[in-house]
Amino acid sequence: MPSTMAEQTMELPPFRPTGTSFLKTCFNGLNALSGIGIITLPYTLSQAGWLGLALLSTMAAVTCYTGLLLQRCIESDQLSKTYPEVGFSAFDRKGLVIISVFMYLELYLVPTGFLIMEGDNLHKLFPDVGFQLGTHEIGGRQFFIVMAGLVVLPSMWLKDLSKLSCVSACGVVSSLVVMGSIFWVGEFDGVGFRGKGTVLFDLSGVPKALSLYAFCYGAHPVFPTLYSSMKDKSKFSKVLFISFGLSTLSYISVAGMGYSMFGRDTLSQVTLNLPGGKISSKIAIYTAMAGPIAKYALIITPIAEAIEGSLPSPYNNRPTCILLRTLLLISTVIVALLFPFFGPLMALVGAALNVTVSILFPCACYLKISKAYQRWRLETVVIFGIIVFGFSIGVLGTYSSLKGIVKHAN
């Protein structure tokens, strides 16, 4: 006797939602927030003093909250799967264009900074590297920037975020190794924690410090991608709390250790202060470089996906996508070679772009979508306070960063 429709239905396998698991999304979130920032934070304390740790914690709380606001915006419109689409939902095409410009510029310059950092640290390890190419002399820093690009290239071809989470796990582990290595240098390699530094060194250094803190927590353009790829989207707020909490603990630890070791003399990357010839120093530098390499593809993926999504169907295939992602990487290598000022560049990105994308836009979009601006409650007051806070950092930080760039260029 033929089976009935009911019997056939009973034989079907149970539905299992596809997507990235909670744990893998946590790794991706941690990797988006951690990495390059961990070695820049001791420098921020050299600019602002120990008060910088309180400012760092404030920035963590503010950006975590704006991440939650961004999540609410996505949940209010199931068609919004990317950050620009959230802007369209709030402010129509004008919002989409403005957010796209700021977001993609940020996502482009941050990985460029990664390549500059790789060149700086490898040049410290191998200062004698350099060669002649025809009539042009290729310095060690330039050579290592190109080599870093080649190492990053295979991860650029990964489109599945669940696979990219394996790379992210390596980035998270590298942050832990950096922390341990810096502690070892201070405790056992003769540098010591001599309690250098003051509570507040100079008020003029506060805007630059806040700009770099905004850079450290400026992963919001990636959040919609992580949310959309997640299997159980109801747990995304937990992902944010875990990612921000753990990254902040690591930031505070390394910032405190580095500043107490080198004080006012801390450079824009604390790895450049570490004594040469020590094994622990080399471990710290090598593993610090692993973080940006692991993070590069995750940060730049939204740009690649936007370009691929605009292609006509006949050209939106695997070979074309690989070519586009390769060209995107090559372009960041060229910019890194032409603009080798790591500290000022990251501060400018933090002040002009990260503050706008990670603080101002989430607040503005949420107020518009939820119409919270029409009813004055405690949440509305808090959001407007955050907007004033972010705008102040953006203006003062951009001015301070541009002064730093002009000083380095001269």
Side-chain angles (χ1 to χ4, degrees), residues 30 33-61 63 117 120-121 124-125 172-217 244-292 342-344 346-347 350 397 400 404:
L30 269 172
L33 289 169
S34 303
I36 194 171
I38 202 168
I39 63 172
T40 63
L41 285 172
Y43 171 71
T44 66
L45 297 190
S46 74
Q47 300 295 305
W50 288 109
L51 177 65
L53 293 180
L55 299 175
L56 172 66
S57 301
T58 301
M59 183 63 70
T63 49
M117 192 209 79
D120 287 344
N121 282 280
K124 177 180 173 62
L125 288 174
V172 173
V173 171
S174 73
S175 297
L176 297 175
V177 174
V178 169
M179 290 173 57
S181 300
I182 292 176
F183 173 78
W184 187 276
V185 170
E187 185 66 25
F188 301 108
D189 284 344
V191 176
F193 303 101
R194 300 186 179 90
K196 298 177 181 177
T198 59
V199 175
L200 178 61
F201 184 83
D202 187 358
L203 277 174
S204 63
V206 172
K208 181 182 286 186
L210 284 169
S211 299
L212 286 168
Y213 296 153
F215 167 75
C216 292
Y217 291 109
F244 275 91
L246 293 180
S247 61
T248 301
L249 285 176
S250 65
Y251 282 158
I252 289 175
S253 300
V254 173
M257 286 190 293
Y259 186 48
S260 62
M261 289 162 63
F262 304 110
R264 183 64 176 169
D265 297 323
T266 305
L267 299 175
S268 61
Q269 304 165 56
V270 72
T271 48
L272 300 178
N273 286 102
L274 300 180
K278 300 290 185 180
I279 294 178
S280 54
S281 298
K282 292 182 179 179
I283 292 174
I285 293 173
Y286 281 129
T287 51
M289 292 187 297
F342 177 80
M346 294 302 96
S400 175

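This structure is a prediction, so every number in the text was calculated from the model and none was measured.
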Using the benzene-type ring in the case of Trp, are the ring centres of F262 and F193 under 6.0 Å apart? no

Show your working on side chain to side chain contact (heavy atoms under 4.5 Å, CB included) between L210 and M59 and close with a plain yes or no. CA-CA 8 Å; L210 284 169; M59 183 63 70; 4.3 Å; yes

Would you say that I182 contacts V270 through its side chain, given a criterion of any heavy-atom pair below 4.5 Å between the two side chains? yes

Which is it for C216 and L33 under the side chain to side chain contact (heavy atoms under 4.5 Å, CB included) test, yes or no, and what are the steps along the way? CA-CA 6 Å; C216 292; L33 289 169; over 6 Å; no

Could you please spell out the steps behind the side chain to side chain contact (heavy atoms under 4.5 Å, CB included) verdict for Y43 and K208? CA-CA 10 Å; Y43 171 71; K208 181 182 286 186; 3.4 Å; yes

Rounded at 0.5 Å granularity, tell me how far OG in S46 sits from CG in L41. 11.0 Å

With rounding to the nearest 0.5 Å, note down the distance linking CG in D120 to CG in L267. 10.0 Å

Please report the interatomic distance OG1(T248) to CG(L53), rounded to the nearest 0.5 Å. 11.5 Å

Any I38 side-chain heavy atom under 4.5 Å of M179 side chain: yes

Distance in Å, L274 CG paired with I283 CD1, rounded so as to fall on 0.5 Å steps: 11.5 Å

Closest approach of P207 and S400, non-hydrogen atoms and distance? CB-CB, 4.5 Å

How many angstroms lie between atom CE of M257 and atom CD1 of I252, to the nearest 0.5 angstrom? 12.0 Å

May I ask you to decide if D265's main-chain N or O and N273's side chain share a donor-acceptor pair within less than 3.5 Å? yes

Using a 4.5 Å cut-off on heavy atoms from C-beta on, say whether the side chain of V185 contacts that of M261. yes

Check whether any side-chain heavy atom of M117 lies under 4.5 Å from a side-chain heavy atom of I39, and answer yes or no. yes

How about L249: does its CG atom have over 12 heavy atoms from other parts shown lying under 6.0 Å from it? yes

Do T44 and Y213 meet the criterion of a side-chain donor-acceptor pair at a distance under 3.5 Å? yes

OH of Y217 to CG of L212: how many Å apart, nearest 0.5 Å? 12.5 Å

State, yes or no, whether a side-chain contact exists between S250 and L176 at a heavy-atom distance under 4.5 Å. no

Would you check, one step at a time, whether the test side chain to side chain contact (heavy atoms under 4.5 Å, CB included) holds for S260 with W50? CA-CA 10 Å; S260 62; W50 288 109; 4.2 Å; yes

Mark yes or no for whether S280, through its side chain, and S181, through its backbone, hold a donor-acceptor pair below 3.5 Å. no

